[in-house]
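Since the model is a prediction, treat every value here as computed from it, not as a measurement.
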Amino acid sequence: MKTFATIQEAFEFWVKNIYPSLAPDMKKGRAVQAMQDYLYERGISEKRMRRILLEFGHFEIETIVRLKP
């Protein structure tokens, strides 16, 4: 299991490693638009990244906030 510090880090991993291996019918619509928006710096929200990771990447997302002593 791979762990990421941020959603952006996980999304970059998805773009480089998971998106290329998706079936051709899955590389349409939301997935390709999100990938292109990220690569060409057209802007993609964290909320949209989360949706793509959950739908097309088999990711599990947890939010952890810690107060340091």
Side-chain angles (χ1 to χ4, degrees):
M1 180 184 289
K2 189 163 179 63
T3 303
F4 303 94
T6 65
I7 294 296
Q8 291 80 10
E9 190 179 306
F11 194 78
E12 185 168 335
F13 177 86
W14 178 83
V15 166
K16 292 179 179 177
N17 298 285
I18 297 174
Y19 178 81
S21 64
L22 290 177
D25 62 317
M26 293 183 76
K27 288 184 179 182
K28 298 177 183 175
R30 289 190 311 271
V32 72
Q33 280 295 341
M35 182 271 304
Q36 289 175 344
D37 288 348
Y38 181 79
L39 286 179
Y40 302 124
E41 298 179 3
R42 292 188 282 213
I44 180 169
S45 69
E46 184 174 309
K47 182 178 179 180
R48 190 165 153 220
M49 287 182 195
R50 285 174 177 260
R51 276 189 268 138
I52 294 296
L53 292 174
L54 292 171
E55 185 175 348
F56 297 101
H58 307 291
F59 281 77
E60 179 180 292
I61 299 173
E62 296 178 12
T63 302
I64 300 173
V65 179
R66 293 189 178 112
L67 176 63
K68 294 183 180 181

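For residues 23-36, the pairs satisfying side chain to side chain donor-acceptor pair (under 3.5 Å) are Arg30-Glu55, with sequence neighbours left out.
The distance from atom CZ of Arg50 to atom OG1 of Thr63, rounded to the nearest 0.5 Å, is 4.5 Å. The structure places CE of Met49 at 9.5 Å from CG of Asp37, a figure rounded to the nearest 0.5 Å. Atom-to-atom distance recorded for Glu46:CD and Thr6:OG1 is 8.0 Å, nearest 0.5 angstrom. In this structure, NE2 in His58 is found 11.5 Å from CG in Leu53, a value given to the nearest 0.5 Å. The line from CG of Asn17 to CZ of Phe13 is 4.0 Å long, rounded to the nearest 0.5 Å.
In this structure, the ring-ring contact (aromatic ring centres under 6.0 Å, His included) partners of Tyr38, at least two apart in sequence or on a different chain, are Phe11.
Ring geometry for Phe4 versus Phe59: interplanar angle of 30 to 60°, hence tilted.
For the pair Ala31 and Trp14, the tightest heavy-atom approach, listed with the atom from each and the gap, is O-CH2, 3.8 Å. Between Ile18 and Gly57 the shortest heavy-atom distance is CD1-O, 4.2 Å.
The shortest distance between side-chain heavy atoms of Arg48 and Arg51 falls below 4.5 Å.
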